2 protein chains.
Amino acid sequence: MILRHMLNQSTDLNRLFHALADPARRAMVERLSRGPAPVSELARPLPMSLPAAMQHLDVLEAAGLVRSEKVGRVRTCAIEPQALSQAERWINARRTEWEHRLDRLGEYLKTLESEGDGDGSDE
Amino acid sequence: MILRHMLNQSTDLNRLFHALADPARRAMVERLSRGPAPVSELARPLPMSLPAAMQHLDVLEAAGLVRSEKVGRVRTCAIEPQALSQAERWINARRTEWEHRLDRLGEYLKTLESEGDGDGSDE
DNA sequence: CCGATGGTTAGGCAATAGCTTTAGTATCAA
DNA sequence: TTGATACTAAAGCTATTGCCTAACCATCGG
């Protein structure tokens with residue numbers, strides 16, 4: 001099952017980053033980071049109809065960023081913290097990769113320097 | 001100018017997250033995290049035509065994730081580390097928000113407990 | 001029961017995304 | 001100069017996105 005998890009990770013990240021690529025959806029996530037809220041409260045500040053806001057909410061739920069539960073006639077939405085951390089991990093992995101690379105490059109340049117090779121060009 | 005920067009930040013994040021929402025583009029970023037590469041090398045592993053890959057590259061450049069320079073007939077691409085950190089900051093800001101909120105919630109629940117109120121129900 | 005409230009479904013429409021093929025333009029190597 | 005290499009530009013096609021309006025359904029408060 002961990003194998004399946006890895007295979008689907010790409011799709012997960014697609015949905016995740018896609019969900020975050022819209023300002024209305026990010027606004028919803030920002031609001032929910034401060035606590036749960038019903039659909040109408042998420043929709044109110046947005047410059048669009050209620051159904052449009054609902055569709056954004058669907059995208060957030062499909063991405064696993066938001067979970068919601070309906071009690072009576074009001075659906076209360078809450079953020080799903082671990083979803084964002086997957087995106088964070090991907091970004092961090094990239095950063096450590098290029099940082100290591102730059103470290104190695106720095107070492108290499110230092111080596112050249114101490115060998116007295118006079119080509120000091122960079123880039 | 002810092003004001004203008006803040007106003008455009010939303011658009012920046014749109015482009016940034018949108019760029020990351022595609023597996024072909026993430027593959028390019030992953031490759032470039034390990035060092036610069038020409039266009040053809042970025043395109044080779046992808047299941048699509050070269051012009052298609054070029055279009056993905058354009059998206060990455062427009063998002064500020066990649067910078068490229070053409071010398072002779074080969075365009076060499078490199079990652080732009082600070083672009084990703086902007087996305088990272090947004091995610092981090094959300095996490096600290098909800099962590100603080102959960103901390104406050106924990107404090108509140110502890111208060112209730114020490115007041116001897118017997119409703120121990122959770123979610 | 002009745003109206004108002006909160007949400008949902010459905011259908012349609014314009015714009016964008018992602019890809020293709022075709023046809024270029026420079027460069028480099030011989 | 002000629003052919004291969006590396007990229008670029010343009011046009012077109014399909015699917016998806018993001019939005020709308022117009023219904024509809026299910027509570028809840030009298």
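Chain identifiers are assigned alphabetically (A, B, ...) following the order of the sequence lines, protein sequences preceding nucleic acid strands; residue numbering begins at 1 within each chain. These numbers come from a predicted model, not from an experiment. Reckoned from all heavy atoms, side chains included, excluding hydrogens, waters and symmetry mates.
- C/dG18 atom P lies 14 Å from atom CG of B/L57, rounded to whole Å.
- For the segment residues 22-46 of chain A, residues with any heavy atom less than 4.0 angstrom from an atom of DNA chain C are, sorted by number, A/P38, A/V39, A/S40.
- In this structure, A/S49 does not reach the D/dC19 phosphate: none of its side-chain N or O atoms is under 4.0 Å from OP1 or OP2.
- B/A52 pairs by the side-chain contact (heavy atoms from CB on, under 4.5 Å) definition with B/M48, B/S49, not counting sequence neighbours.
- End-to-end axis angle for the helix from C/dC1-D/dG30 to C/dA30-D/dT1, using five pairs per end and rounding to 10°, comes out at 30°.
- In this view, A/T96 satisfies the side-chain contact (heavy atoms from CB on, under 4.5 Å) rule with no residue, not counting sequence neighbours.
- For B/R31, the side-chain hydrogen bond (donor to acceptor under 3.5 Å, both in side chains) test picks out B/E41, with sequence neighbours left out.
- When the side-chain contact (heavy atoms from CB on, under 4.5 Å) test is applied to B/R73, no partner is found at least two apart in sequence or on another chain.
- Separating the CZ atom of B/F17 from the C1' atom of D/dT17 is a distance of 19 Å, rounded to the nearest angstrom.
- Looking at residues two or more places apart in sequence or on another chain, you find a side-chain contact (heavy atoms from CB on, under 4.5 Å) between A/R95 and A/N92, A/W98, A/E99, B/E88.
- Following chains of ILVMFWY side-chain contacts shorter than 4.5 Å, one cannot reach B/M54 starting from B/V74, and the two form parts of different hydrophobic clusters.
- In this structure A/R94 satisfies the salt bridge (charged side-chain N to carboxylate O under 4.0 Å, His left out) test together with A/E97, B/E30, sequence neighbours excluded.
- Nucleotide D/dC7 holds its P atom 9 Å from the CZ atom of B/R75, rounded to whole Å.
- Map A/H56 and A/G72 each onto its nearest nucleotide of DNA chain D; the residue landing nearer the 5' end is A/H56.
- For the atom pair NZ (B/K70) and SG (B/C77), the distance works out to 11.0 Å, reported to the nearest 0.5 Å.
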Find every protein N or O atom lying less than 3.5 Å from an N or O atom of nucleotides 9-12 of chain D, and list the pairs.
none

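- Between A/M54 atom CE and D/dT21 atom P the separation is 17 Å, expressed in whole Å.
- The aromatic rings of B/F17 and A/F17 lie parallel to each other, with less than 30° between the two planes, well short of the 60° mark.
- The salt bridge (Lys or Arg N to Asp or Glu O under 4.0 Å) contacts involving residues 55-65 of chain B comprise nothing, where partners must be two or more places apart or lie in separate chains.
- The phosphate of C/dG18 has OP1 or OP2 within less than 4.0 Å of a side-chain N or O from B/H18.
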Below 3.5 Å is the cut-off: list the nitrogen or oxygen pairs between protein and nucleotides 1-5 of chain D, distance only.
from	atom 1	to	atom 2	distance (Å)
D/dT5	O2	B/R73	NH1	2.5

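- Considering only the side chain of B/M48, C/dC19 comes nearest among C/dG7, D/dT8, C/dC19.
- At the heavy-atom level, A/A52 lies under 4.0 Å from the strands shown only through sugar-phosphate atoms.
- Rounded to an integer number of Å, the gap from A/L50 CG to C/dT9 C1' is 12 Å.
- Distance CG/A/L16 to OG/A/S85: 9.0 Å, rounded to 0.5 Å.
- Between A/N14 atom CG and D/dT16 atom C1' there is a gap of 14 Å when expressed in whole angstrom units.
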Under 3.5 Å donor-acceptor pairs involving side-chain atoms of residues 21-28 of chain B, not counting sequence neighbours:
from	atom 1	to	atom 2	distance (Å)
B/D22	OD1	B/A24	N	2.8
B/D22	OD1	B/R25	N	3.4
B/R25	NE	B/A19	O	2.9
B/R25	NH1	B/H56	ND1	3.1
B/R25	NH2	B/H18	O	3.0
B/R26	NH1	A/N14	OD1	3.0
B/R26	NH1	B/L20	O	2.7
B/R26	NH2	A/S10	O	3.0
B/R26	NH2	A/S10	OG	3.4
B/R26	NH2	A/N14	OD1	2.8

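- The OG1 atom of B/T76 lies 10.0 Å from the CZ atom of B/R67; values are rounded to the nearest 0.5 Å.
- When the P atom of D/dT16 is taken as reference, atom CZ of A/R15 falls 14 Å away, rounded to whole Å.
- Residues A/L32 and A/V59 do not share a hydrophobic cluster, defined by chaining ILVMFWY side chains whose heavy atoms lie under 4.5 Å apart.
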